[in-house]
Each structure stands twice: as C-alpha cells, then as structure tokens.
K.L.:
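Okay, handing you the structure first.
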Amino acid sequence: MEKHASGENTDHRHLELAGITEKEVQSYHMKLRGRKLTAALAFVAGTGFTLFGYDQGVMSALLTANQFEATFPQVKTGNGQPSNHATLQSFVVAIYEIGCLIGALSNLWIGDRLGRRRTIVIGGIIMIVGAILQAASVNYAMMVVARIITGLGNGLNTSTVPSYHAECSPAARRGSLIMIEGSLITFGIMVSYWIDFACYWADSSSAQWRVPIALQILFALVMVAGIGFLPESPRWLVKHERNAEALAVISALDDKDWTDESVQKTYHAIREAVVVEDFGNAEAGKRNKKAHLGALFTGGRSQNFRRAALGVVNQCFQQITGINLITYYATVLFQRLGLSDTTSRIIAAANGTEYFLASLLAIVLIDRVGRRRLMLFGAVGQCITMILLAVLGSLQDNTGAQVVSAVLLFVFNSFFALGWLGMTWLYPAEIVGLQIRAPANALSTASNWIFNFMVVMVTGPSFNNISWGTYIVFASLNAFIVPVVYFFFPETAGRSLEDMDVVFALAYQEGVSPVKVSLRDDVPAAGTPEADRILGVNPGLRKRHGSDSNVTSDRD
C-alpha cells in the first residue's frame, strides 16, 4: 500500500469512502488480541489435528488386541485364518479414508458458503457422532459404517483447518504456526499408542478397545467449544463483503489500531485479490460470471490450475512416501520382526513418542530453511531408509537385521516428520489464491485421503505376497518425489498469501518458471503499485470497486 502524506487520517477517509466507518469496525472489537489470539488459534487448530492423529493411531494396536479380535473376528490374521482376513483387516482401517475423502470433497460446495468456523464445527460434531458409534460397535459392519462417519467429519476438518489457520497467520510465522499442527498430529498418534498400551491389560473386557476409541470425543468437544471464541478468517470475510468485520479481525490479529498502516496494507492486499477475482481484467463494473469451480481450471496470470495441481500432488506425495505403513501398522510391523506382542506395543508407543519429538524440529526449521529444502531432505532420507529396510528384510531370521530394521522405522519417521508431516497441510493452503482456496484445498485433501486409502488397503496384502519387496516399491516412489519437488514446487516461505499471486503472475508475464521467481528477492509485495501492474489490476477499477460497491458490515 502506498504511504499517504497525511498519515492515518487519509487511510481513515479512504475507508469511509469505501463504506466503512469507525463505528462499524469498533462494533466487532475483540477482547482476544495479538499473541493471545494467535495462541488461541493455534490451540484450537492444533486440537483438530491432535484429534486427526489420535484417530489414525488408535487402530494400530487395537488390530491385534484380543478383545477387538473377539468382537471383530474378521480382522484376525495369521495361521489357520481365512486368506481374505488380511484384506478385511486393511479394509476396516482404510474405509476411514473413504469417509475423509467424502468429507473433503463436500468442501467443494460448502466450504466457501458456510465459512471456515462453521465448517469446522460441523466436522467436529460429525466426528463425535462417529466416535460414539465406533465405541458402541457390536459387529464388523457397524464398525465400518461408524468409521466412514468419523472420517466424513475429519475430512471436513482437515480440508478447512489449515486454510483457516493460514489465513489468520502472519507471513513471517505462518510456517512455524501451521507446522505445530503437524507436530500435534504426531502428538495424537503418540497419545493413542500409549492409551492403547495402557488399556491392553484389560484383556477380559471390551473396554480394552472401546475406551481408547471413545477418548477422541474429548478432543472433538474442545475443538468445537474453542472455535466459538475465535474470529472468522479475514480473507473469507472480505470475500463476502463483511469488510468492517474483516478489518477488526486484522486489527486484533496484529494487536494494532485499525487505522495503523500495516493493518491497512494487509486489508488492501486482500481487497485487491478480491477485486481481481470479481472483475479480473474485464471492463470496469463487469463482474466475473465464471463458474466458481471452473476457476480451478484457469491459467493466465492467476495460474489457478497449476497452483491447485501443486496442492493435489503435494498431498499425494505425503501418502506415497509410505508413512502409513508405520502409523497404521506399527504394532503389526514390530511383530513381523519377531518381537513379542507386549514388546511390540511398547516399541510402537516409543516409536510414536520419538515421531512427536522429531516433528518439533520442523517447527524451528520451516521458516528458516524453507519449504523446498525440507521436502527434498525428507524425500531423500525416506528413500535411503526404505532401501535399507528392503535389504535387511531379505536377510531371513537374522536377529541383528531385525534389530536394525526396528531402528530404521524410527529413522524413517524422523525424516518424514521433518520434511512431509506438517508440510502438506501448510503448502497447499499457501500456494493457491483466495478465489480457489476452499475448493483447491478440498481437492488436495481429497488427494491425501485417496492415496491414504490406497496405501493402507494394499499394505496388508502386499506384505503377505512380496514381503520386503514392499519397501522397494516405496523407495522408488520417494526417489520419484525428489526431481518433481526440485523443478516444479515454488518456495513460499516469507511471503504473504497475496504475495504468491504476484509470484505466479510475474512468472506468467516473463514466461519463466514460478520456481525461479519464488527464489528472487525483487518480487514486489502485494498491495503496491508495482504488484498492481503485474497482476493487471486497473487502478480505476479498484477505485470504483472500493467506492461504488455496497461495502457494509452486515452479515450474510
């Protein structure tokens, strides 16, 4: 935003011309401000991802719990069991991903209509219902249906929470704040493993598996209750012409007066993005009538299709690394290495703990090192680890090889925690523009669940049929990730969400790769006249849009 010679008063008059008055902004004044508000946002968003991790990890040890097998004999595998039980075991785990897929795809239609907060509340309530049904399940079919319902709610949450948190976070700290969510996924997994182990000794009662499943309700209740104390995303508010409220939220997030220059600059950068969406480069006053979902497939300055595709591929890559070999089957894998049932559960819980601790490093590194370097580092390390697991797995009945293999499962988790755990919830939310953020993140999250389902479904039968060869498959997939990230994934660290619009528009204008532009220091910030020219914003159109449109603080 240009600095005005008369300072704050000029900004004040400009906003009044756009239909915003001080009284309207003050009517949305928030008590939670600055660091306290940022911490509250991180806590509620983190609770949603702790719930996500807990629900993923809780099934790992339950699959081999005697009371779980007694209630659901279809999941029992091994000598003397029907050959299809390995598939049925994988299915009851993987069907959760189908529910998540449906929930994520539903955000294509409801995400922008309901807003971020209401979508998260609905997702949390659905998860509570699904968890109650899972804990009350009396047969295999009921458990399958209950897991689909739980997944439906989780799909809504995981395709909304990252966008919501990213849209409410400052550029300089956005990476570390959202990587906290990734760490809390592993925290949830760790908690589930230890609770499973604690309940394992209740081997005479179905509480052995019902209690661990039911405990996820507590996380969902905290998330649903907590969201009521938080504001809506300022990006969503501006997009729906609730401008006074958006300005109040930006003011609260920065803990500055609404007339402060930095608050104004953020507000105008968001408004500018909305102007480009609504009017594009068309004649003044001619609103863009393009179908909302059709915008996903556009090119030009916006590069929407390319950016949405990057989010989808990024989420796909997280799953084909092979992480859910360990997350869902940790106890089973350790048993395959010849460890006893009890020892396998203890090591699985320790594995989850180390996974959580390793993820904390990513919080520190993400904004210092950048997104691309961490993704490349993680993929290379994961590839090498999978190769070593395959080599050691080919050495039959070798105690030393089994011990090293167990250690390598810890090593793989560490590489993944640094490079890919939280990255795929951060990067897709950063890489796309405001116009397509909700549907694009719905598609990218759907990609996560599709490939999650595929990996979880094939893991059981794959180990039964090709044993250690399964590791070779995932080593190859990790090797494939490296050149794709290097050549096609732009860096987003240190840039605002609106700055990425400028990066892609400049790359289009100059006919070069967005990766090269993203690594340059001469890209103008969003909201400046230079950025206007790159984005193709007509200053007269922006002026008329700001003064003639019905900009009010009325709620939709």
K.L.:
Could you point out which residue of D255, D254, D257 forms a salt bridge (charged side-chain N to carboxylate O under 4.0 Å, His left out) with R33?
P.N.:
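Exactly one candidate clears the test, D255.
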K.L.:
For R373, I'd like to know if atom CZ has over 12 heavy atoms of other residues, nucleotides or ligands within 6.0 Å.
P.N.:
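No, not enclosed.
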K.L.:
Tell me, do F410 and I347 make a side-chain contact under 4.5 Å, heavy atoms counted?
P.N.:
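Yes, their side chains come closer than 4.5 Å.
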K.L.:
CH2/W258 to CD1/I250 distance, rounded to the nearest 0.5 angstrom?
P.N.:
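Those atoms lie 12.5 Å apart.
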K.L.:
Counting only heavy atoms not in F187, do more than 12 fall under 6.0 Å of its CZ?
P.N.:
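No.
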K.L.:
Taking the side chain as every heavy atom from C-beta outward, state whether L152 and C100 have any atom pair closer than 4.5 Å.
P.N.:
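Heavy-atom side-chain distance check fails, nothing below 4.5 Å.
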K.L.:
Donor-acceptor pair, distance only, cut-off 3.5 Å: does the side chain of Q216 make one with the backbone of I213?
P.N.:
yes
K.L.:
I'd like to know if the side chain of R495 reaches the main chain of S518, judged simply by a donor and an acceptor atom lying under 3.5 Å from each other, with no hydrogens or angles considered.
P.N.:
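Yes, because the side chain of R495 sits within donor-acceptor range (under 3.5 Å) of the backbone of S518.
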K.L.:
Taking all non-hydrogen atoms of both residues, which atom of A166 and which atom of L497 are closest, and how far apart?
P.N.:
O-CD1, 3.8 Å
K.L.:
For the residue pair F416 and F412, categorise the inter-ring angle as parallel (less than 30°), tilted (30 to 60°) or perpendicular (more than 60°).
P.N.:
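Rings of F416 and F412: parallel, under 30°.
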K.L.:
Should M375 and I481 be marked as a side chain to side chain contact (heavy atoms under 4.5 Å, CB included) after you check the CA-CA gap, both sets of side-chain angles, and the distance that decides it?
P.N.:
CA-CA 9 Å; M375 284 189 277; I481 289 172; over 6 Å; no
K.L.:
Is there a donor-acceptor pair closer than 3.5 Å between any side-chain N or O of R368 and the backbone N or O of V364?
P.N.:
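Yes, R368 side chain to V364 backbone: donor-acceptor pair under 3.5 Å.
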K.L.:
Ignoring hydrogens and geometry, is there a side-chain-to-backbone donor-acceptor pair from D367 to S176 under 3.5 Å?
P.N.:
yes
K.L.:
Minimum heavy-atom separation for P231 and V249, please, with both atom names.
P.N.:
CB-CG2, 3.7 Å
K.L.:
In the structure I gave you, are the side-chain heavy atoms of I227 and Y164 within less than 4.5 Å of one another anywhere?
P.N.:
yes
K.L.:
Which heavy atom of T150 sits nearest to which heavy atom of M127, and what is that distance?
P.N.:
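Reported closest heavy-atom pair: O-CG, 3.6 Å.
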K.L.:
Keeping the roles fixed (side chain from R271, backbone from V238), state whether a donor-acceptor pair exists under 3.5 Å.
P.N.:
no
K.L.:
Roughly how far apart are F451 CZ and T321 OG1, rounded to 0.5 Å?
P.N.:
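Here the rounded value is 12.5 Å.
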K.L.:
Charged N to carboxylate O under 4.0 angstrom, K256 versus E261?
P.N.:
no
K.L.:
Short question: side chain of N413, backbone of Y355 - any donor-acceptor pair under 3.5 Å?
P.N.:
no
K.L.:
Charged N to carboxylate O below 4.0 Å: is that the case for E167 and R437?
P.N.:
yes
K.L.:
Quick check: do I320 and N478 have side-chain heavy atoms less than 4.5 Å from each other?
P.N.:
no
K.L.:
Give a yes or no on this: more than 12 heavy atoms of other residues, nucleotides or ligands lie within 6.0 Å of atom CZ of F305.
P.N.:
no
K.L.:
Less than 4.0 angstrom from a charged side-chain N to a carboxylate O is my criterion; do E430 and R371 meet it?
P.N.:
yes
K.L.:
What distance do T186 atom OG1 and I323 atom CD1 have between them, rounded to the nearest 0.5 Å?
P.N.:
10.0 Å
K.L.:
Apply the test side chain to side chain contact (heavy atoms under 4.5 Å, CB included) to residues I431 and T492: give CA-CA distance (whole Å), side-chain angles for both, the deciding distance (0.1 Å), then the verdict.
P.N.:
CA-CA 7 Å; I431 203 67; T492 59; 3.8 Å; yes
K.L.:
Nearest 0.5 Å, please: how far is CD1 in I189 from CG in D55?
P.N.:
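One finds 10.5 Å between CG of D55 and CD1 of I189.
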K.L.:
I need the T445 OG1 to N107 CG distance, nearest 0.5 Å.
P.N.:
8.0 Å
K.L.:
Verify whether one side chain among W194 and T353 offers a donor that lies under 3.5 Å from an acceptor in the other.
P.N.:
yes
K.L.:
Name all residues meeting the side-chain contact (heavy atoms from CB on, under 4.5 Å) criterion together with R210; count only those two or more places apart in sequence or in a different chain, and write none if there are none.
P.N.:
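Partners of R210 by the side-chain contact (heavy atoms from CB on, under 4.5 Å) criterion, ordered by chain and then number, come out as S206.
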K.L.:
Y193 versus V58: any side-chain heavy-atom pair under 4.5 Å?
P.N.:
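Contact flag for Y193/V58 side chains = no.
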K.L.:
Decide yes or no for V523 and D499: does some side-chain heavy atom of the first lie under 4.5 Å from some side-chain heavy atom of the second?
P.N.:
no
K.L.:
Does either side chain, that of N452 or that of Y96, offer a donor lying less than 3.5 Å from an acceptor on the other one?
P.N.:
no
K.L.:
Taking all non-hydrogen atoms of both residues, which atom of L32 and which atom of F229 are closest, and how far apart?
P.N.:
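That would be CD1-O, 4.0 Å.
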K.L.:
Between the side chain of Q318 and the main-chain N/O of T424, is any donor-acceptor distance below 3.5 Å?
P.N.:
no
K.L.:
Does a side-chain heavy-atom distance below 4.5 Å link V191 with L215?
P.N.:
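Of all side-chain heavy-atom pairs linking L215 with V191, none is under 4.5 Å.
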K.L.:
Side-chain contact, heavy-atom cut-off 4.5 Å: L156 with S106?
P.N.:
yes
K.L.:
Evaluate the side chain to side chain contact (heavy atoms under 4.5 Å, CB included) criterion for residues I195 and C199: first the C-alpha distance (whole Å), next the side-chain angles of each, then the deciding distance (0.1 Å), finally the verdict.
P.N.:
CA-CA 6 Å; I195 288 178; C199 293; 4.2 Å; yes
K.L.:
Before giving the answer on side chain to side chain contact (heavy atoms under 4.5 Å, CB included), spell out for M223 and F43 the whole-Å C-alpha distance, their side-chain angles and the decisive distance to 0.1 Å.
P.N.:
CA-CA 9 Å; M223 180 182 67; F43 175 76; over 6 Å; no
K.L.:
Using only atom types and a distance under 3.5 Å, with no angle test, would you say the side chain of N314 pairs donor to acceptor with the backbone of P428?
P.N.:
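No; judged by distance alone, with no hydrogens or angles, the pair does not exist.
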K.L.:
When you measure from the side chain of R235 to the backbone N and O of I270, does any donor-acceptor pair fall under 3.5 Å?
P.N.:
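Not confirmed, R235 side chain does not pair with I270 backbone.
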K.L.:
Considering residues at least two apart in sequence or located in another chain, which fulfil the salt bridge (Lys or Arg N to Asp or Glu O under 4.0 Å) criterion with D501?
P.N.:
R307
K.L.:
Is it the case that the side chain of R116 and the backbone of E232 share a donor-acceptor pair, with hydrogens and angles ignored and the cut-off at 3.5 Å?
P.N.:
no
K.L.:
Does the ring center of F52 lie less than 6.0 Å from the ring center of F219?
P.N.:
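Ring-ring flag for F52/F219: false, centres at least 6.0 Å apart.
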K.L.:
Can you give me the closest heavy-atom contact between A45 and V161, atom names plus distance?
P.N.:
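Looks like CB-CG1, 3.6 Å.
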K.L.:
Indicate the atoms forming the closest heavy-atom contact of N441 with S444, along with that distance.
P.N.:
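Answer, listing the atom of N441 first, then S444: O-OG, 3.1 Å.
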K.L.:
At what distance, to the nearest 0.5 angstrom, does CE of M423 lie from CG of L374?
P.N.:
4.5 Å
K.L.:
Classify the ring geometry of F415 against F377: parallel below 30°, tilted from 30° to 60°, perpendicular beyond 60°.
P.N.:
tilted
